Undergrad: 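If you scroll down you'll find the structure; I have some questions about it.
First listed ligand is number 1; within each ligand, the first listed atom is number 1. Note that the coordinates shown come from a computational prediction; the quantities given were computed from them, not determined experimentally.
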Amino acid sequence: MNRSMDYYEEPARKLHVRKLDVVVAGGGTAGVVAALASARQGAKTILIEQKGYPGGTVVEGGTALHSFYNLWKAFPGVEKRQVVKGIPQEIVERLARIGGTTGHVEMLKGYNYDSVCTAIDTEMYKLVTFEMLDEAGVFVCVNTRLAGAIKEGGQVKGVIAESRSGREAIMAKSFVDCTGYGDLAAYAGAGFSEPNDYSVASSIGVGGVSLEKYYEFLNSYDAVREYAEGPRSGKEGQIVRLSGNLKKMPPEFVQEANEIGMATVTTTVHDDYFMFIKVNFKMPVSPTNRDEVAKAELELRRRQAKAVELFKKYVPGCEKAFIARSSSLNIRRARVITCDYDITLSDVLEGRHFDDDIMAYGFHDSAPRLQIKDGGTYGIPYRALRVAGIENLLVAGMVITSDHDAHMSTRNTVCCMGQGQAAGTAAALCAAKNVGTRELPYDDLRKTLERDRVHLEN
Ligand SMILES: Cc1cc2nc3c(=O)[nH]c(=O)nc-3n(C[C@H](O)[C@H](O)[C@H](O)COP(=O)(O)OP(=O)(O)OC[C@H]3O[C@@H](n4cnc5c(N)ncnc54)[C@H](O)[C@@H]3O)c2cc1C
């Protein structure tokens, strides 16, 4: 980023002050659940989201919600268990009522990776979660950017938010950073690193295509790697997840797909539609750099167009493919915030649980290469959500866990959602008791989470 050496000193200005109990920054995967959990505890809760709708990367990046279950199908004899419940499960149930998800359908092929496929309609997800937030009484500020933190000693006193209605100071007792970028924590002076160890990506929804034709194409090369059937456009038993085995697919297709970082996996809940086709791009620097992000956004748009051309060219029946939905660039991570505990790869793989678990989780994105011991679960400890050195700030989502391979598990959507429920609950309890995050008795948090149908193992 080229910056001139000239400076302009911005004059100080008086801001309107708003007072609440809990601020949740970022209304994405974790933030929606955090705000719901906080408001349902009776805390006056504000959610600050820069886009015009909630959802975050769950509606713009992925292919399916990984995972509400343990990896039982990869371990013969291991029991099938739903290990994430609570508010994340409630969202799936609400979506199911309007045809916005496959629900948790079993993978018929590729179940060494995930035993279930929980595909969603991205647009219905935005609506359903927005309605749930509204019903819970969350003060939802969309099109509003978190632009600063107000700190006194080791405490966050408030945040600065900016929208077309102006700039305001929002004071509260407890704060949860779910921005994905750790913006609030960084503004508040928390420690962080920027590993730049993943590609950025954008996913497009592709219309004018057929899952059946894609299946026939892959099958003609004996290259079906992942396969699941479920409800689609109101009819049961349809293909809802597919991916290809690159080793068996035509080398020209594979070469062109590799050039644009395109993944062959897709899911859907609608006929004639691939809900997610991902293209990836490795940026030279961390995605907190605005100007490099602009270049990456353009490059990803070019790659999206090429991805559609690829389907038109190679997959019979997809000649009319077009981009039906796109998003801005998605990160797999930018900042990692320093917390009281950093989950290790051995915690994940050994299936370790802690005396302050706030959820259990049983999915690893690198399975079967890396997987949780015996198809079991590990625990996310409360201390992994407490921002080091700050008395009243929690984080949830992709910003925790510095180890790349451990993060390949904790960053997944369902884990982020579970963390969100715990962080929102804890923030509300802290605000009610007027205590910092470290003074909150774990037993109180645990009892509340269990009452709210969070599954805990130990
Ligand atoms: C391309 C891609 C594919 C993936 N595929 C899968 C998959 O198939 N399955 C799976 O389980 N996981 C997948 N993941 C991982 C998973 O989707 C993410 O790790 C997870 O959704 C992150 O959740 P989060 O709550 O931390 O962040 P997000 O969901 O990104 O939420 C952050 C929110 O904060 C808002 N925000 C940011 N900064 C500010 C600010 N300053 N002010 C106001 N609002 C702000 C954002 O707009 C956003 O809504 C994928 C990720 C990517 C990038």
Undergrad: Are any of the N or O atoms of Leu65 closer than 3.5 Å to those of ligand 1?
TA: no

Undergrad: Is there a polar contact, in the sense of an N or O pair closer than 3.5 Å, between Thr63 and ligand 1?
TA: yes

Undergrad: Determine whether any heavy atom of Thr144 lies closer than 4.0 Å to an atom of ligand 1.
TA: yes

Undergrad: Are the side chains of Glu229 and Leu108 in contact, using a 4.5 Å heavy-atom criterion?
TA: yes

Undergrad: For Thr425, is there any backbone N or O sitting under 3.5 Å from a side-chain donor or acceptor partner on Gln41?
TA: no

Undergrad: Should the ring pair Tyr214 and Phe217 be called parallel, tilted or perpendicular, given that the plane angle runs from 0 to 90° and is split at 30 and 60?
TA: parallel

Undergrad: Quick one: does Met398 get an N or O within less than 3.5 Å of an N or O on ligand 1?
TA: yes

Undergrad: Of the choices Lys51, Glu49, Arg145, Glu60, which has the non-hydrogen atom that lies closest to atom 47 (O) of ligand 1?
TA: Glu49

Undergrad: Among Arg13, Arg145, Arg18, find the residue that satisfies the salt bridge (charged side-chain N to carboxylate O under 4.0 Å, His left out) test when tested with Glu168.
TA: Arg18

Undergrad: Count the heavy atoms of every other residue, nucleotide or ligand shown that sit under 6.0 Å from NZ of Lys151, and state whether that count exceeds 12.
TA: yes

Undergrad: Among protein heavy atoms, which sits nearest to atom 41 (N) of ligand 1, and what does the distance come to when rounded to 0.1 Å?
TA: Asp183 OD2, 2.8 Å

Undergrad: Note the single closest protein heavy atom to atom 25 (O) of ligand 1, along with its residue, its atom name and the distance in Å.
TA: Ala30 N, 2.9 Å

Undergrad: Would you call the rings of Phe68 and His104 parallel, tilted or perpendicular if under 30° counts as parallel and over 60° as perpendicular?
TA: tilted

Undergrad: Can Lys109 be said to sit on top of Tyr227's aromatic six-ring, NZ or CZ under 6.0 Å from centre and within 45° of the ring axis?
TA: no

Undergrad: List every atom of ligand 1 that sits less than 4.0 Å from any heavy atom of Ala201, numbering the atoms from 1 in the order shown and giving each element.
TA: 1 (C)

Undergrad: Which residue, Ser326, Ser327, Ser202, forms the side chain to side chain donor-acceptor pair (under 3.5 Å) with Gln304?
TA: Ser202

Undergrad: Decide whether an N or O pair under 3.5 Å exists between Gly31 and ligand 1.
TA: no

Undergrad: Looking only at protein heavy atoms, which one is nearest to atom 30 (O) of ligand 1, and how far off is it?
TA: Thr57 OG1, 2.5 Å

Undergrad: Report yes or no: does Ala25 have a heavy atom closer than 4.0 Å to ligand 1?
TA: no

Undergrad: Could you check which of Cys178, Gly56, Gly397, Gly26 puts a non-hydrogen atom nearest to atom 32 (C) of ligand 1?
TA: Cys178

Undergrad: Less than 4.0 Å is my threshold; does some heavy atom of Leu184 fall inside it relative to ligand 1?
TA: no

Undergrad: Less than 4.5 Å apart, side chain to side chain, heavy atoms only: is that true for Val348 and Ile343?
TA: yes

Undergrad: Purely on distance, is any nitrogen or oxygen of Ser203 under 3.5 Å from one on ligand 1?
TA: no

